[in-house]
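Predicted model only: the values in this text are computed from it and were never measured. Start at 1 and go down the list; that is how both ligands and their atoms are numbered.
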Amino acid sequence: MDIILLGPPGAGKGTQAQRLVDEHAMRQLSTGDMLRGAVAAGTPIGREAKAVMDRGELVSDEIVSALIDAELFAMGTGTGAIFDGYPRTEAQAQALDAILAKHGRSLDHVIELEVDEEALVERITGRFTCAECGTGYHDRFNRPAVTDTCDVCGAHSFKRRPDDNAETVRTRMALYRSETAPILPHYEGRGIVARVDGMAPIAEVTRAIDAILGR
Ligand code: AMP
């Protein structure tokens with residue numbers, strides 16, 4: 001089963017993808033995570049992408065589609081993919097169709113997380129992750145049970161994304177509206193789009209997604 005999680009920054013795509021990975025042994029393919037990995041490793045792609053990402057703008061379609069292609073190739077066919085943060089443009093949506101066909105796969109669901117944009121700035125500026133295992137937290141909505149200690153791996157160091165600031169978030173949201181939301185009709189004609197209330201508590205959103213996936 002291959003699915004796309006679609007929604008503006010802060011809608012909860014990463015959080016829900018992580019849950020699907022844990023519960024259904026699917027694989028999260030986040031172009032944002034891949035690019036942050038490339039930046040941290042100082043690869044040529046990372047060096048090219050860093051300034052674009054810091055401004056909240058979009059990295060080139062060719063780069064992100066090549067990253068997805070390579071990951072699917074490495075993954076093999078037995079595991080379902082959750083596309084998180086990809087595709088983000090019409091060109092990427094078309095590239096994904098071609099890439100999936102090449103790998104003998106096809107999309108089962110496109111799930112849009114619907115959220116109130118005003119809440120997103122607070123969600124994004126408060127989020128942080130465990131520096132060791134990547135588990136996501138939030139200053140107000142999802143704190144570790146023991147202060148400064150990761151619930152999952154017990155580590156004590158956390159990090160925040162440099163692009164999770166109010167100014168960059170506005171750019172990322174505007175790009176979601178102008179470039180990403182318009183790709184929905186691409187999938188609507190195939191009858192595979194479902195919408196979920198992304199403002200509901202995390203566990204409720206997970207239940208709604210599970211129901212769509214028939215699990
Ligand atoms: P994300 O973690 O999905 O919020 O992505 C963080 C940043 O990485 C975005 O603001 C873009 O600069 C870049 N990025 C991630 N995925 C894509 C994509 N599919 N197309 C273009 N740029 C992307």
Inset, instruction - Within a distance under 4.0 Å of any heavy atom of R161, pick out the atoms of ligand 1 and give their elements. - result: 1 (P), 2 (O), 4 (O), 5 (O), 6 (C)

Inset, instruction - Look up atom CG in N165 and atom CG in D54, then write down how far apart they are to the nearest 0.5 Å. - result: 9.0 Å

Inset, instruction - Have a look at ligand 1 and work out which part of L35, if any, has a heavy atom under 4.0 Å from it: side chain, backbone, both or neither. - result: side chain

Legend entry - Protein contact of atom 16 (N) of ligand 1 - nearest heavy atom, named by residue and atom, plus distance: T31 OG1, 2.8 Å

Inset, instruction - May I ask you to decide if G7's main-chain N or O and K13's side chain share a donor-acceptor pair within less than 3.5 Å? - result: yes

Inset, instruction - Give a yes or no answer on whether the side chain of T206 reaches the backbone of I202 with a donor-acceptor pair at less than 3.5 Å. - result: yes

Inset, instruction - Starting from atom 22 (N) of ligand 1, locate the nearest protein heavy atom and write down its residue, its atom name and how far away it is, to 0.1 Å. - result: V59 N, 3.0 Å

Legend entry - N/O donor-acceptor pair under 3.5 Å between D210 side chain and R215 backbone: no

Legend entry - R55 heavy atom under 4.0 Å from ligand 1: no

Inset, instruction - Considering the heavy atoms of Q92, write down every atom of ligand 1 situated less than 4.0 Å from one of them. - result: 18 (C), 19 (N), 20 (N), 21 (C)

Inset, instruction - Could you tell me whether R36 and ligand 1 have an N or O pair separated by under 3.5 Å? - result: yes

Inset, instruction - Would you mind listing which atoms of ligand 1 come within a distance below 4.0 Å of any non-hydrogen atom of E57? - result: 10 (O), 11 (C), 12 (O)

Inset, instruction - Say whether K13 and ligand 1 are in contact under the criterion: heavy-atom distance to a ligand atom below 4.0 Å. - result: no

Inset, instruction - Would you tell me which option among R172, M34, R88 has the nearest heavy-atom contact to atom 18 (C) of ligand 1? - result: R88

Legend entry - Under 3.5 Å: donor-acceptor pair, side chain of R27, backbone of E71: no

Legend entry - Any side-chain heavy-atom pair of D69 and K102 under 4.5 Å: yes

Legend entry - Under-4.0 Å heavy-atom contact with ligand 1, by part of V64 that carries it: side chain

Legend entry - Side-chain (R123) to main-chain (G10) donor-acceptor, under 3.5 angstrom: yes

Legend entry - Residue M53 vicinity, atoms of ligand 1 by number, heavy atom under 4.0 Å: 7 (C), 8 (O), 12 (O), 13 (C)

Inset, instruction - Check whether any side-chain N or O of E179 sits under 3.5 Å from a backbone N or O of L175 as a donor-acceptor pair, and report yes or no. - result: no

